[in-house]
Each structure stands twice: as structure tokens, then as C-alpha cells.
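Notes follow the structure.
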Amino acid sequence: MNNIGLKSKLIIFYTTLKEVFLSSLPLAAIIIIVCGFIAPLDNMSDYVKLIVGYVSVVLGQTLFLDGLNISILPIGKLIGGSLIKLKKAIFIIFFGFVFGLLATVAEPALTVLAKQTNMIMPIINTTVFIWILAIGIGIMVGFSLFRILKDLNIKVVFALLYILTFLVIIFVPDQFIALAFDGSGATTGDISVPFILALGMGVSVTMSKHKSNDDTFGIIGLASVGPILALAIYGLVLNGQYNGVLPAEQIYAPGAAANVGEIIIGNLSGVALGLLPVIVVFLPFQFFLIKQPKKEFIEILLGTIVVFIGLLIFLSGIDYGFAFAGKYIGEVFLDTSRPEWFKWLLLIIGFILGAAITLSEPAVTVLGEQLEELTNGHIKKMTIRMTLAIGIGFASLLSMVKILTEIHILWFLIPLYAISLILMIFTPKLFVGLAFDSGGVSGGALTSAFLTPLTLGVAQAVAATSKSGGQSILVNGFGIIAFISVAPLIAVQFLGIVYDIELRKTQRLLEDAEIEDLEELALLADHLGKVSNHQDEENPVENIDDKQIEANVDT
């Protein structure tokens, strides 16, 4: 039995490794083309750094995802289901806040973003950055559960929240605007999403007025607003502390000094502090409410060790070589020795990477399956995956345009979010929730690991080659996760509108067919009536006899 269990686990590990490797191939191809042929590296040690970084990211993500499936995901589902036993709404909302917060602290993409930000501006403490964004998620998860319980219209809630968000953003220092939207995309990933969805599903099925899963969709989208507002407020506070003049930024140079051992030791405490709160909160639920069998409980705890090891390897690989590769590629295309048009090739690279990462993103596959099931096969999962891939590909392209032209990010985000909010008027309620949820989960760990270093490298090179000194890296370098997060809002709602139109056409055809059938039945009945009358006229005696018989029977 143990051998069978070990064999099945090895098969699962191999399958996950294959998926992660295939999803990383577009990145590997671009790294090889640029670093091997277009602009070869000077030192052999840099190639070693790239190889070690790439292998660590693939292996670490594989271990992390495998451990996630046997530990963190079951914990999220078990806690989400057990919350219903508390019955009182105030307890459910409170624990929604707590679990939303703690699950977000462990997000790998958020940790990557925090370290990148700290490297550029040391006054932004990595731990403080993570917890501020996590508090934003926690508050909005609690509010999302409150919305479900009170049956508030999700379209109105989204509209009011984003209007409030953009009103607040007007007063935020430029250095924190793109970063706030990026932070929002990085907070909802492989750990927080299962927790939040489990909470939403448990509450919507048992305690909402509709008693359905419809209210579950949208909870991730609502939660994603929290980090934007939280980091905006943090930016205002820091700006006030320094009397409106923030300290000078540092050079972004990932993997420049430390060796592998130093990087791993440096990541140990951060990974431990990220996972420990989830386990600590799970234990009392296990002993008092969940009461899992001993064998399954131990398996969950062992799974968290796998998550810890995988996350440690993943983050260390990014620090050592992967982020270095992204930054290097970003700077290559702005080398002054190359022709002016060469930098515009970054638009093609941005589109390819955005589309390729989306197609391989597990969350996008899950979303496609949900849509296919909800629409009874009218929208195929490949349709949603291709729609999102094209949309996010163009979003990545727009991000490159923003950096190369140094146009402020709000000139892009305000129109895109305005389109998203206007589309809500015409989109079925279910698709509105799905659209904003898909926006929350589209920026995965690979985006933070490679695309953000790429854009930071491009922004740094743009500033270096600009005659006026260019924009700061914080202002111009961040924002790609923001673009990637807003694209699905438009793409999924567009599909929802198309689906609604097709559904109405189908209903009209069915109604027309029913009317035609009724008309045919009426004609047939009329014809049979005429035939019957004709027969009665031809056989009056038989008709009389029948009437007499009926009269006798009645008597």
C-alpha cells in the first residue's frame, strides 16, 4: 500500500514538474536567445547564475505546488467549511479577516515584490510592506463576506470601491501609484485564493439569501481592492514622515553580491514567518472544530514542510539568477550602441511573455473549466484561455509602451478601469464576479519573478539614457502586474456579454419553435375535428347509437 502511495505521489510530482517546466519554456527561450546570441554575457559565472536560478525556480515552484495541494489547500477548505459552525455573522466576518490576512502573508509573489521594492527604496521595510498589503486583503475579505450576508449588489459595490480608489490615488505620491496596483495583483495567488474562495463558498451556500454559489464569484475581486487602498495610505504616511521629499532611490541590482548560501539563509526567516501563522491558526480549528483523523492531520503537517522547502528554493533561485536575467534582458534592448528601433522589440517580447505565461497559469485553466461548466459548454475553456492570453499579451505590450514613453500609468489605468466599470452595465451578474476574480489571480509568481525584474531593468535603462534623467524606477518600472490584472476584467465581461446575447438568441429560437409546434398542433386538431364531423355526417345512425349508449351509461 505504501509503495502504491509513493508511486502515485511520484507521478503527481512528475506531472507538476512537467507543467511548470512547459510554462517556463517561453522565458527560457528568450533568456537563451538574448543572453546566448543577441548580447552574450561577459563572465561564465553569470551563465552559471542563470542556470542555477532557472533550475531553482522550476524545482522550487514544483515542490511548492505539490505541497500546496496536500497541505495549504486542504487547510483552506477545512477552515472555510468549519466557519459555518460558528453561525454568528460577526465571528465569520472576523475570521474571514484573520485568514485572509494570514494566507496573504505567505504569498510567494508578494514576498518577491516586497524584496524588489526594498532593494530600490530601503525605507520601505519588506515585512511591513507584506503585512500592510495583507491587512488590506483581510479587511476586504471580511467586507466581502458581509456583502454576501447582506445581499449587496456586487456591481454597485465594485463601482463605488473603484471610484473611491481613484479619488484616493490622486493624493498619493507618484512612487506608490503603480506599486499599489502591482501589490494588489501579487497578493492573490496560490495560497490566499483557495482560502478566500473556500470562505466565500461556505458562507454563500449556507448563509446568503440565495443559497447558491453565485455569490462566491467576486470575492477575490473585492479583496484585491484592499491592498491598493492600504499601500496608498502607507505611501501618504511615508510621504508625510519625510515632509514630501522621499529619500533617493537605490540602483536595482538583483543577485549582484550574495552567494547561494547567503541568499538561502537570508530567506529562511521570511519563509518561516510566512507559513507559521497559517499553521498556528489551523491547529485550534483542527482540535476543536475540524477534528481530522490523525493520519490525514500528519499528512497535512508534512505537506507544509514541502511547501516551506519549495518556497525557499523558489525565492532563492529568483534572488540568485532569475531576477538578474530579467533585469539584464531589459537593459540589453536599450543599449546605446544599438539602433533606436531596437528597443521597440520589447513590445513583441512583452506580448509573447504575457500571453505564454497566461496560457500556462493553473488559475486561468481552472477559470476556463468553471466557465465551461457554468455556460453548459457554450463557452469552451480554450476560448477563455485564448481570450485572456491575447488580452494579457496586449496588457504586457502596453506596459512596455508606458515605460519606453514614460507616460504616467494613470493615463492607461483610468480608461481601462472605466471601460471595465461601464461593461458591468451590460454584463450578467455572474460574469462580473468572475471577471474581477480572474483579474485578481492572473498575476502569478512567474510574473513577479521575471516580468517585474524585466520592466525594472527597462525603466532603469530608460532613466540612464534619458537626457533629462528620466522618471524614477518606482514610478516607471512597476505597473506590469497592474496591466495584467485589468485585462481580464474587460476580456471576461466581453465573453459574458457575448454569452448573454447567444443565450437570448437560443431562448428566442426555442420560443419560436414552441409557437410553431403549437400552431401545427392546432392545425392538426382542427383537421381531426373536421374529419370527425365529416364521419358523423356520413354515419348518423352510428352517431345516434353512440349518443344513446352514452346516455344509458350516464343513467
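All values below were derived from every heavy atom in this structure, side-chain atoms included, with hydrogens, water molecules and symmetry-related copies excluded.
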Item to complete: Run through Val58, Leu65, Leu63, Asp66 and flag the one making a side chain to side chain contact (heavy atoms under 4.5 Å, CB included) with Leu17.
Response: Val58
Worksheet entry | Counterpart residues, salt bridge (Lys or Arg N to Asp or Glu O under 4.0 Å), relative to Glu331 (two or more places apart) | Lys327
Practice prompt. Please confirm whether the backbone N or O of Ile497 pairs with a side-chain atom of Thr427, one donor and one acceptor, at under 3.5 Å?
Written response: no
Worksheet entry | Donor-acceptor under 3.5 Å (Asn476 side chain, Glu406 main chain) | no
Discussion item. For Phe181 and Ile409: C-alpha separation, side-chain torsions, deciding distance, then whether side-chain contact (heavy atoms from CB on, under 4.5 Å) applies.
Written reply: CA-CA 10 Å; Phe181 284 94; Ile409 191 170; 5.7 Å; no
Worksheet item: Please walk me through it: do Phe342 and Ile38 pass side-chain contact (heavy atoms from CB on, under 4.5 Å)?
Response: CA-CA 11 Å; Phe342 198 71; Ile38 295 176; 3.8 Å; yes
Fill in: Side-chain donor/acceptor of Tyr328 to backbone N/O of Ala39, under 3.5 Å
yes
Worksheet item: What pair of heavy atoms forms the shortest contact from Leu113 to Ala186, and how long is it?
Response: CD2-CB, 4.0 Å
Worksheet item: With Phe143, which residues qualify under ring pair (Phe, Tyr, Trp, His ring centres under 6.0 Å), at least two apart?
Response: none
Worksheet item: Mind checking what makes ring pair (Phe, Tyr, Trp, His ring centres under 6.0 Å) contact with Phe412, not counting sequence neighbours?
Response: Phe483
Worksheet item: Any sub-3.5 Å donor-acceptor pair from Ser399's side-chain atoms to Ala395's backbone N or O?
Response: no
Worksheet entry | Sequence-distant partners of Asp500, salt bridge (Lys or Arg N to Asp or Glu O under 4.0 Å), two or more places apart | Arg504
Fill in: side chain to side chain donor-acceptor pair (under 3.5 Å) between Ser45 and Asn43, worked out
CA-CA 5 Å; Ser45 60; Asn43 302 317; 4.6 Å; no
Practice prompt. Hey, can you tell me if Phe394 and Phe351 have their rings parallel, tilted or perpendicular (30° and 60° cut-offs)?
Written response: perpendicular
Practice prompt. Might you confirm whether atom OH of Tyr14 has over 12 heavy atoms from other residues, nucleotides or ligands at distances under 6.0 Å?
Written response: no
Worksheet item: Between the main-chain N or O of Tyr252 and the side-chain N or O of Gln460, is there a donor-acceptor pair closer than 3.5 Å?
Response: yes
Worksheet item: Applying side-chain hydrogen bond (donor to acceptor under 3.5 Å, both in side chains), which residue pairs with at least one partner in residues 114-137 are found, sequence neighbours left out?
Response: Lys115-Asn267, Lys115-Asp319
Item to complete: Decide side-chain contact (heavy atoms from CB on, under 4.5 Å) for Leu397 and Val401; before the verdict, give the C-alpha distance in whole Å, the side-chain angles of both, and the deciding distance to 0.1 Å.
Response: CA-CA 6 Å; Leu397 185 151; Val401 170; 4.1 Å; yes
Worksheet item: Name the one of Ile135, Leu110, Ile137, Asp182 that satisfies side chain to side chain contact (heavy atoms under 4.5 Å, CB included) with Pro227?
Response: Ile137
Worksheet item: Is a side-chain donor or acceptor of Glu502 paired with a backbone partner of Val498 at a separation under 3.5 angstrom?
Response: no
Item to complete: Measure from the side-chain N and O atoms of Glu249 to the backbone N and O of Ile473, and report whether any donor-acceptor pair falls under 3.5 Å.
Response: yes
Worksheet item: Counting distance only, does the side-chain N/O of Thr187 pair as donor-acceptor with the main-chain N or O of Ser184 below 3.5 Å?
Response: yes
Item to complete: Kindly compute the distance separating CD1 (Ile130) from OG1 (Thr104), expressed to the nearest 0.5 Å.
Response: 11.0 Å
Ignoring hydrogens and angles, write down the donor-acceptor pairs under 3.5 Å from the side chains of residues 160-174, residues two or more places apart or on other chains.
from	atom 1	to	atom 2	distance (Å)
Thr165	OG1	Leu161	O	2.8
Asp174	OD1	His408	NE2	3.3

